[in-house]
There are 2 protein chains.
Amino acid sequence: MVMNKSSDLSLDRIFSALADSTRRAILMKLTNGDEGVMDLAAPFDMSQPAISRHIKVLENAGLVTRHRQGTHRMCRLAPDALDEIEPWLNMIADRYRNKYDRLDTVLAAMTPTKQGDE
Amino acid sequence: MVMNKSSDLSLDRIFSALADSTRRAILMKLTNGDEGVMDLAAPFDMSQPAISRHIKVLENAGLVTRHRQGTHRMCRLAPDALDEIEPWLNMIADRYRNKYDRLDTVLAAMTPTKQGDE
DNA sequence: CCACTATATAACAATATGGTTATGAATAAG
DNA sequence: CTTATTCATAACCATATTGTTATATAGTGG
């Protein structure tokens, strides 16, 4: 069974977008409400084009949407994308717990007279 | 207020580690129990050194621990690191909800005769 | 049309990432 | 000691990421 590399592009993009503290800070800021690119850029010691691209990364990951408002391009949190990663986290957690539950069962079923490994 | 880039190295590493489908698949596999590097590598169409480095990334992120077992280096899921990202996700979600709750309150408080922004 | 503001894009450089092959080191076993 | 197995590391290459500066584009207002 050979696994394919492009299994989940969406998760790739979301996790990758979150793997940068500047972008996480931008998301945090957006929890206070929509903001234009300039306002978003202000707190950071970084050029405007750099922030522009960070926002594009967030947009491509589906974490942020934008709409024009006069001369501004307002950024808005799109928390749906964040919801995408929770099922994955839960799957891991569930499988993990399940595995150890099963192990517990096995251990419980073993009489103390015998010992297994793992 | 200038934000510093190295705010949370730990989250950087965890999200970054999760941003690769091969590494996510390795974590999935490990929910079935500990495995050696060779066994982990088997399903993937990739060289052993490549897998070795993926595992190291997971280890550096705190998602996997290892211990020798004879000639094997057994990999074990360390789900604690995954727990680290949940508070962050919740913070975003909470602030987001809070924001809109506050907005709702503001909107509710406004008599239809007057309008304010945000 | 002109000028101003907000933002995007292009071109570039430095560094990071992810893969490969070749090889080294540690343990187990004959 | 020798050999086989498991795994790590080194050297290398291609591509991606992230920042910079310079410039282009799009609305807004006079």
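Only a predicted model underlies this, so the values are computations on that prediction, with no experimental measurement involved. Here is the naming used below: chain letters follow the sequence lines, and residue numbers restart at 1 for every chain. Scope of the values below: all heavy atoms of this structure, side chains included, with no hydrogens, waters or symmetry mates.
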From [options], nucleotide with atom closest to [X] side chain:
X	options	value
S47(B)	dG19(D), dT21(C), dA8(C)	dT21(C)
T71(B)	dA8(D), dT6(D), dA6(C)	dT6(D)
P49(B)	dG18(C), dA8(D), dT5(C)	dA8(D)
H72(B)	dT6(D), dG27(D), dT7(C)	dT6(D)
D20(B)	dG18(C), dT20(D), dA8(D)	dG18(C)
M46(A)	dT18(D), dT7(C), dG19(D)	dG19(D)

Using side-chain heavy atoms (C-beta onward) and a distance below 4.5 Å, is [X] in contact with [Y]?
X	Y	value
T22(B)	I51(B)	yes
R73(B)	H67(B)	no
M74(A)	R66(A)	no

R23(B) side chain to S16(B) backbone, donor-acceptor under 3.5 Å: yes
Polar pair under 3.5 Å, donor/acceptor by atom type, side chain Q48(A), base dA6(C): no
Ignoring backbone atoms, test whether [X] places a side-chain nitrogen or oxygen under 4.0 Å from the OP1 or OP2 oxygen of [N].
X	N	result
K56(A)	dT9(C)	yes
R66(B)	dA8(D)	yes
R23(A)	dT18(D)	yes
R68(B)	dA26(C)	no
H54(A)	dG19(D)	yes

Can you tell me the distance, in whole Å, between the [atom1] atom of [X] and the [atom2] atom of [N]?
X	N	atom1	atom2	value
I55(A)	dG19(D)	CD1	P	13 Å
R73(A)	dT5(C)	CZ	C1'	15 Å
L58(B)	dC7(D)	CG	C1'	16 Å
H67(A)	dA26(D)	NE2	C1'	16 Å
F44(A)	dT7(C)	CZ	C1'	17 Å
M74(A)	dT7(C)	CE	C1'	13 Å
N60(B)	dA16(C)	CG	P	14 Å
M38(A)	dT5(C)	CE	C1'	8 Å

Donor-acceptor pair between S10(A) and E84(A) side chains, under 3.5 angstrom: yes
Sugar-phosphate, base or nothing in reach of R53(A), heavy atoms under 4.0 Å: base
Upstream residue (5' side of DNA chain D) when E59(B) and S16(A) are each assigned their closest nucleotide: E59(B)
First encountered from the 5' end of DNA chain D, between D39(B) and A19(A): D39(B)
Sidechain N-carboxylate O distance under 4.0 Å for R24(A), D8(B): no
